[in-house]
Amino acid sequence: MWVILTMASAVHWFRKGLRLHDNPALLDAVQNPTTTYVLPVFCLDPIFLRPETVGVNRMNFLLECLQDLDQQLRKLHSRLFVLRGNPLEQLPVFFRKYHTRLLTFEFDTEPYAKQRDTQVRRLCAELGIEVRTRATHTLYDPEDIRRELGDRPTPLTYKSFYAFVTERLGQPMSALDAPAPASGFQTPDVDLDTYTVPSLSELEAYQGLEVETPFRGGETEALRRMENFLRERADEVRSFAKPATSPTAWPVASTTQLSPYFKFGCLSPRLFVERVRSLRPLQQPPVSLIGQIWWREFFTYVAYVTPHFHQMQGNPICRQIPWREAADDARYRAWEEARTGYPWIDACMVQLRQEGWLHHLARHAVACFLTRGDLWVSWERGRETFDRLLVDADYSLNNANWLWLSSSAFFHQYYRVYSPISFPQKYDPNGEYVRHFLPVLKEMPSKYIYTPWLAPVVVQKKAKCIIGEDYPHPIVDHAVVMRENMRRMREALDAGAPQRVPKRPRRDANEASSSSSSS
DNA sequence: TGTCGGGTTGTTCCA
DNA sequence: ATGGAACAACCCGAC
């Protein structure tokens, strides 16, 4: 113990980036010449230890990531130190105990992380600890993009973002290897029985909650899944076109399902891009597999530089739309609890709750239904549900996609509405997906699987599913509310966009100029 | 403060 | 059966 107390240490703080490969901040700690020991740390922040915020499926996934990380580190004769509590309180105690001189971590763009990390930096300055960070959650450092953009406005379309970044920044950095066993990775052999990775049952708030997700956390699993997909489904990788994949494929999904691993950084996007590029010829962005990583890049960047990105109020790129009052939440609850009476929507919501994952187009369908399509409930509420239930819930991507689907930002063709009936019909005419996730409809004839309320009573009886008793009546009439909502959207745009020039009137130039000469 | 082409992933109807 | 137009008409970015 005396020895340890006199030797300086470097701490690598894992938050996301839960991997050993392509982790330059970890390598900075390992290779730092003025410190003897490396202490890999994760801090279980109580702000995330609540099932109302982080659902049981994602919490379990996180703990599995930490277990895997610990095991991988032990192969390097190191280990993971798991601190419990607010990092601003726990880290300094740890720093003093182990004479920390250097702190490294992966740069994080999220608002909570930004303010937390600012405080940690301040604290380190007081303690005389050097801080080094690396931006490795995305292909590029968002600060590099911001610097290149200079005074230009933030690109709000995929194409303009992609064109600008590829032209100005060229290829992303290549992925780095994990630290080798002989890399000088030294971790003191102390506190063996403390700072261990907890099991789910040790987290009080999660006791008694059942884990249903099929996703197993960790870098090892991420790499295995990626290599497996590249090997077994190479043709699909080459021809991959996201809009052409099926949202009803189950149990073998039509996509890679790597999103939970990207969310926690179990898998480096740079490594993924390099590995996919080894297969040729490839489909091109935006629909290609690499194109998907660019969507992540685009949304992460815009979320980073946009104030109040997670809400309508004060968000400069968000349409101001008078969504239904928050107090009137019967519709929201029906949606979240899979009781809308539209089998396609409800089946999706059951899969979301059980597995913590939905195909991208299924997310589109339920998001459109909750907001501009049918229920006219604020996208912020749907965002909260996704944030709690998705194993892959990511601040930037989740908010961006809700902005998109509610046609609040990025996407503006609000008259394109997903039908909860004909949309799933083209992928799954027999409704196998619905029958699996809503067993109450298992016996319903295919003709009525998406519209069971239209089935004659004898058919309902024969299927052992009486609408109104065993399965609810539709909460709204899609054909009717869709029209109403389009009109509402039109009104909201007229009211909220004074700079907008109405197309219809356009009488003459004089009138237009006199009405707009306000300053 | 114009114009126009295009926007990862709509639906319905008709030929 | 598949492909194209009507539906109603948005905003962004490039010129």
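What's counted below: heavy atoms across the whole structure, side chains too, no hydrogens, waters or symmetry copies. Per chain, numbering begins at 1; letters A, B, ... match sequence-line order. All values reported here derive from a predicted model rather than from experimental measurement.
If you take atom P in dC11(C) and the same atom in dT11(B), they sit 22 Å apart, rounded to whole Å. Going from the C1' atom of dC12(C) to that of dT1(B) covers 15 Å, rounded to whole Å. Using atom C1' as the reference point in both dA1(C) and dT12(B), the two lie 16 Å apart (nearest Å). Between dC4(B) and dA9(C), the two C1' atoms lie 15 Å apart (nearest whole Å). Spacing between dA8(C) and dC14(B) at atom P, rounded to whole Å, works out to 15 Å. The gap from the P atom of dT8(B) to that of dA6(C) amounts to 24 Å, rounded to the nearest Å.
Of the candidates dT9(B), dC10(C), dT8(B), dT9(B) carries the atom nearest the L361(A) side chain, counting heavy atoms from C-beta on. For Q292(A), whose side chain is taken as the heavy atoms from C-beta onward, the closest listed nucleotide among dC10(C), dT11(B), dT8(B) is dT8(B). The S419(A) side chain lies nearest to dT12(B) when the options are dT12(B), dC10(C), dT8(B). The side chain of P286(A) sits closest to dT8(B) out of dC12(C), dG10(B), dT8(B).
One can place CE of M482(A) at 10 Å from P of dA8(C), the figure rounded to the nearest angstrom. Taking atom OH of residue Y158(A) and atom P of nucleotide dG7(B), one finds them 12 Å apart after rounding to whole Å. Atom C1' of nucleotide dC7(C) and atom CZ of R416(A) are separated by 11 Å, given to the nearest angstrom. For the pair Y415(A) OH and dC7(C) C1', the interatomic distance rounds to 10 Å; values are reported in whole Å. Going from atom CD1 of I421(A) over to atom P of dC13(B) covers 12 Å, rounded to whole Å.
In this structure, Y261(A) has its ring center closer than 6.0 angstrom to the ring center of F61(A).
Ring geometry, W335(A) versus F386(A): the interplanar angle falls under 30°, so the pair is classed parallel (tilted spans 30 to 60°). Note: W344(A) and F423(A) have tilted aromatic rings, judged against thresholds of 30 and 60 degrees for the angle between ring planes. Ring orientation note: the planes of H364(A) and Y418(A) are nearly perpendicular, at an angle over 60° on the 30°/60° scale.
The residue W404(A) sits close to a base: some heavy atom pair falls under 4.0 Å. Here V287(A) lies in heavy-atom contact (under 4.0 Å) with a base.
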For nucleotides 13-15 of chain C, which of its nitrogen or oxygen atoms have a protein nitrogen or oxygen under 3.5 Å away, and what is each distance?
{"unit_1": "dG13(C)", "atom_1": "OP1", "unit_2": "L156(A)", "atom_2": "N", "d": "2.6"}

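Judged purely by distance below 3.5 Å, without hydrogens or angles, the side chains of Y140(A) and Q171(A) never pair a donor atom with an acceptor atom. Side-chain polar atoms of N228(A) and R225(A) form no donor-acceptor pair below 3.5 angstrom. Under the 3.5 Å distance criterion, with hydrogens and angles disregarded, no donor-acceptor pair is assigned to the side chains of H21(A) and S268(A). Remark: the W250(A) side chain and the E355(A) side chain contain an N/O donor-acceptor pair separated by less than 3.5 Å.
Of the residues in residues 392-402 of chain A, not one comes within less than 4.0 Å of DNA chain C through any heavy atom.
Between R319(A) and dC11(C), a side-chain N or O to OP1/OP2 separation shorter than 4.0 Å is present. For K159(A), no side-chain nitrogen or oxygen approaches OP1 or OP2 of dT8(B) to under 4.0 Å. The side chain of S422(A) places an N or O atom within less than 4.0 Å of a non-bridging phosphate oxygen (OP1 or OP2) of dT12(B).
Remark: R381(A) qualifies as a cation-pi partner of Y332(A) under the 6.0 Å distance and 45° angle criteria applied to the six-membered ring.
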Requested in this report: Applying salt bridge (charged side-chain N to carboxylate O under 4.0 Å, His left out), run through E110(A) and K16(A) and close with a yes or a no.
Outcome: CA-CA 11 Å; E110(A) 293 185 23; K16(A) 296 176 195 166; 2.8 Å; yes
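With centres under 5.5 Å and a plane angle under 30° as the test, the ring of F423(A) is not stacked against the base of dT11(B).
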